[in-house]
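Treat the numbers as computed from the prediction; the structure is a model and nothing was measured.
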Amino acid sequence: QVQLVQSGGGLVQAGGSLRLSCAASGRTFSTYASGWFRQAPGKEREFVAGLSWTGATASYADPALGRFTISRDNAKKTVHLQMNSLKPEDTAVYYCAADQGGDGGSRLDLYEYWGQGTQVTVSS
C-alpha cells in the first residue's frame with residue numbers, strides 16, 4: 001500500500017517556475033514507477049511526465065518536453081516535477097501517481113495510487 005501526499009503548486013506568472021513534490025509512504029516505494037498527470041477544467045486527465053521504477057527512463061508528453069523535469073529521491077520517498085517556462089495553458093490540477101514495477105508510461109489505468117491533486121495556475 002502506498003499513500004501519496006502532494007505539495008507545491010500555486011499561482012505564477014507566465015515564464016515562471018514551480019516545483020511540485022509528492023511524498024510517499026510505504027516501504028516498497030523504490031519499486032514503483034512515478035507519474036505526473038494534469039487535468040484542466042472541462043478536459044480529461046492527461047499524462048505529463050513519468051519515471052520508470054528503475055529510474056532509468058523518463059518520459060514526457062510533448063507539451064512538457066524541454067520545460068518540465070521529473071525526478072525521484074528514493075531515500076526520501078519523494079518525487080518532484082520541476083516546471084520551468086510555464087504557460088497559461090499549463091494551468092490545471094496536477095496529480096502524482098505510482099505504478100508498481102511500471103515503466104512510467106502514459107496510461108492512467110496502470111497507476112494504482114494517486115495523490116490528492118494540487119492546483120497550478122499560470123497567469124498571462
Checklist entry - Are the side chain of Tyr111 and the backbone of Gly105 linked by a donor-acceptor contact shorter than 3.5 Å? => result yes
Next on the checklist: With a 4.5 Å cut-off on side-chain heavy atoms, are Tyr95 and Val93 touching?
Outcome noted: yes
Checklist entry - Should the heavy atoms of other residues, nucleotides or ligands under 6.0 Å from CD of Gln119 be counted, would the total exceed 12? => result yes
Item to check | Side chain to side chain, Tyr60 and Ile70, heavy atoms closer than 4.5 Å | outcome: yes
Checklist entry - side-chain contact (heavy atoms from CB on, under 4.5 Å) with Gln100: which residues, sequence neighbours excluded? => result Thr31, Tyr32, Glu112
Item to check | Cys96 side, atom SG; Leu20 side, atom CG - distance, nearest 0.5 Å | outcome: 9.0 Å
Next on the checklist: Using 0.5 Å steps for rounding, measure from the CH2 atom of Trp36 to the CZ atom of Phe47.
Outcome noted: 12.5 Å
Next on the checklist: Can you classify the ring geometry of Phe37 versus Trp114 as parallel (below 30°), tilted (30 to 60°) or perpendicular (above 60°)?
Outcome noted: tilted
Next on the checklist: If I take atom SG from residue Cys22 and atom CD from residue Gln116, how far apart are they, to the nearest 0.5 angstrom?
Outcome noted: 8.0 Å
Checklist entry - Nearest 0.5 Å, what's the OG1-CZ distance between Thr54 and Arg72? => result 7.5 Å
Next on the checklist: Could you report the tightest heavy-atom contact between Thr91 and Ala40, atom names first, then the distance?
Outcome noted: O-CB, 3.8 Å
Checklist entry - Shortest non-hydrogen contact from Arg67 to Ser85? => result NH1-O, 2.9 Å
Item to check | Glu46 side chain vs Arg38 backbone, donor-acceptor pair below 3.5 Å | outcome: no
Item to check | Shared hydrophobic cluster, Val122 / Phe68 (ILVMFWY, side-chain heavy atoms < 4.5 Å) | outcome: yes
Next on the checklist: With heavy-atom distances below 4.5 Å as the criterion, would you say the side chains of Ser25 and Lys77 are in contact?
Outcome noted: no
Next on the checklist: Could you go through Val79 and Leu51, starting from their C-alpha distance and side-chain angles, then the distance that decides it, and tell me whether this counts as side chain to side chain contact (heavy atoms under 4.5 Å, CB included)?
Outcome noted: CA-CA 9 Å; Val79 180; Leu51 189 63; 6.0 Å; no
Checklist entry - Between Tyr113 and Val2, which heavy-atom pair has the shortest distance, and what is it? => result CD2-O, 3.2 Å
Item to check | Minimum-distance pair of heavy atoms, taken over all atoms of Pro88 and Ala14 | outcome: CD-CB, 4.1 Å
Checklist entry - At what distance, to the nearest 0.5 angstrom, does OG1 of Thr69 lie from NE2 of His80? => result 12.0 Å
Next on the checklist: What I'd like to find out is whether the side chain of Lys76 reaches to under 4.5 Å of the side chain of Ser21, using heavy atoms alone.
Outcome noted: no
Checklist outcome for this item: Value for CG (Asp90) from CG (Leu18), rounded to nearest 0.5 Å, stands at 10.0 Å
Next on the checklist: Ignoring hydrogens, what is the shortest heavy-atom contact between Phe29 and Ala24? Give both atom names and the distance.
Outcome noted: CD1-CB, 3.3 Å
Next on the checklist: Looking only at side-chain N and O atoms, does Asp103 offer a donor or acceptor that is under 3.5 Å from a partner on Ser52?
Outcome noted: no
